[in-house]
Novice: 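Have a look at this one.
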There are 2 protein chains.
Amino acid sequence: MTEPTHEQVDQLTRAFERFTRRFKVAESAAAADNALNALDAEALVFVGDNPGCGVGEVARYLNVAMTTMSSAVDRLTRRRLIERRRTEDDRRSLALTVTDKGRQAIDDHIAAYRELCRVMLRSLDPREQAELIRLTEKIAGS
Amino acid sequence: MTEPTHEQVDQLTRAFERFTRRFKVAESAAAADNALNALDAEALVFVGDNPGCGVGEVARYLNVAMTTMSSAVDRLTRRRLIERRRTEDDRRSLALTVTDKGRQAIDDHIAAYRELCRVMLRSLDPREQAELIRLTEKIAGS
DNA sequence: TCAAAATAGTACGAACTTCGTAGTATTCAA
DNA sequence: TTGAATACTACGAAGTTCGTACTATTTTGA
């Protein structure tokens, strides 16, 4: 809760700009032809983590309009990455689940993300690696 | 250059997911109505840092097609954030500069980014703040 | 020197994404 | 039992990216 100095904020801002640029370039280079757009990828991961969830749940979680998520689910369904099924208890809603192909896509997605994290950590020595993890967790958690 | 453990990569991956989510939500909440899209904002900042640059330079820097940048420059020009002028020495190319209104928009953009960095730092105590800055610089730079 | 190639940029249209409006089907509530 | 609420989709408007084809200008090399 200690207020950082103006100078520190400035340093971190500049460092983050370079940081972001470095890994954005790496990411766009890795993007395959059959890659999903950002929303579809996030929706797919959410469905993987929450099997049986509905379209509205995903929309609320990702902060997009219901119709936008309906479109995304449609794209994912057409590509056979997820499946829609009417539920017994509420026949208005759909239960979304990932297919085997969808699970594979998620694994690939996570692998790419992990690789990015691995590259970051490799720039540091062991003590710093542990410290970066700790600090990131602290910031993310509070 | 020390290879991180599988477990460490995993920890950082999870921490970054929460980290990203936390600050993405904050960002989308702050997005005003007149906000620029990501590409236009980045192009505007680049022109601010490189007055007199051409459309192609911005396109190459941001890794987008020339026609895409042409559209972005068109939008920024229509909104009176930048100006296009033919140069004397090469009359094919345009010299881009930001207007006063564009400078103001850049300042606002940077202020929002700095605020994000400030919020991150505030979660940490003074020693950790300095350490986060150092580690970020180290990763960004290598 | 001068024609061909290269360069800087734009016009246009196709493909895609987001989202608001209006609709269907179903469930809940009084 | 009927009217409101809920889950979702169809459709169309507006916006973005990018490839192709174009204009204008500069560079190159025979």
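Convention: sequence-line order gives letters A, B, ...; per-chain numbering from 1.
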Novice: Please tell me which of A:Glu88 and A:Asn63 maps to the more 5' nucleotide of DNA chain C, matching each residue to the nucleotide holding its nearest heavy atom.
Specialist: A:Asn63
Novice: Name the closest nucleotide to the A:Leu94 side chain, picking from D:dA5, D:dC8, D:dC18.
Specialist: D:dC8
Novice: If you look at every strand shown and take non-hydrogen atoms under 4.0 Å, does A:Ser93 touch a base, only sugar-phosphate, or nothing?
Specialist: sugar-phosphate
Novice: To the nearest Å, how far apart are A:Arg86 CZ and D:dT6 P?
Specialist: 17 Å
Novice: Tell whether A:Thr67 reaches the base of C:dG20 with its side chain through a donor-acceptor pair below 3.5 angstrom.
Specialist: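 A donor-acceptor contact between them is present.
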Novice: Looking only at side-chain atoms of A:Arg91, point me to the closest of D:dC18, D:dT26, C:dT26.
Specialist: C:dT26
Novice: A:Asp74 has an atom CG; how far is it from atom P of D:dG12, in whole Å?
Specialist: 16 Å
Novice: Rounding to a whole Å, what distance do you find between B:Asn37:CG and C:dT17:P?
Specialist: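 Going from CG in B:Asn37 over to P in C:dT17 covers 16 Å.
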Novice: Whole angstrom is fine here: how far is it from CG in A:Asp40 over to C1' in C:dT17?
Specialist: 9 Å
Novice: To the nearest Å, give me how far apart CZ (B:Arg84) and P (C:dG9) are.
Specialist: 11 Å
Novice: Send over the distance from B:Met66 CE to D:dC22 P, rounded to a whole Å.
Specialist: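 So the CE-P distance, B:Met66 to D:dC22, works out to 18 Å.
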Novice: Would A:Glu131 and B:Arg127 count as a salt bridge (charged side-chain N to carboxylate O under 4.0 Å, His left out) here? Give the steps.
Specialist: CA-CA 12 Å; A:Glu131 189 66 356; B:Arg127 188 196 62 74; 3.3 Å; yes
Novice: Taking the side chain as every heavy atom from C-beta outward, state whether A:Arg22 and B:Ile139 have any pair of such atoms under 4.5 Å apart.
Specialist: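 In short, these two side chains touch, coming nearer than 4.5 Å.
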Novice: Starting at atom CZ of B:Arg75, determine the distance to atom C1' of D:dT16, rounded to an integer number of angstrom.
Specialist: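 Going from B:Arg75 (CZ) to D:dT16 (C1'), I get 6 Å.
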Novice: Rounded to whole angstrom units, what separation is found between the CG atom of B:Leu39 and the P atom of D:dG15?
Specialist: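 The answer, rounded to whole Å, is 16 Å.
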Novice: Compute whether any side-chain donor of one residue and acceptor of the other, for A:Gln104 and A:Asp100, lie under 3.5 angstrom apart.
Specialist: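 Note: A:Gln104 and A:Asp100 side chains miss the donor-acceptor criterion.
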Novice: Report yes or no: is the cationic atom of B:Arg18 (NZ for Lys, CZ for Arg) closer than 6.0 Å to the six-membered ring centre of B:Phe23, at no more than 45° off its axis?
Specialist: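 Not satisfied by the 6.0 Å and 45° rule.
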Novice: Side chain of A:Ser71, heavy atoms from C-beta onward: which of D:dG19, C:dT18, D:dC8 has the nearest atom to it?
Specialist: C:dT18
Novice: Using only heavy-atom distances, decide whether a donor-acceptor pair under 3.5 angstrom links the side-chain of A:Arg92 to the base of D:dT6.
Specialist: yes
Novice: Pick base, sugar-phosphate or nothing for B:Val64, based on heavy-atom distances below 4.0 Å to the nucleic acid.
Specialist: sugar-phosphate
Novice: For B:Gly54 and A:Ala65, take the nucleotide of DNA chain C holding the closest heavy atom to each; which residue's nucleotide lies nearer the 5' end?
Specialist: B:Gly54
Novice: Taking it one step at a time, do B:Arg134 and A:Glu128 satisfy salt bridge (charged side-chain N to carboxylate O under 4.0 Å, His left out)?
Specialist: CA-CA 10 Å; B:Arg134 196 179 69 76; A:Glu128 292 170 335; 2.8 Å; yes
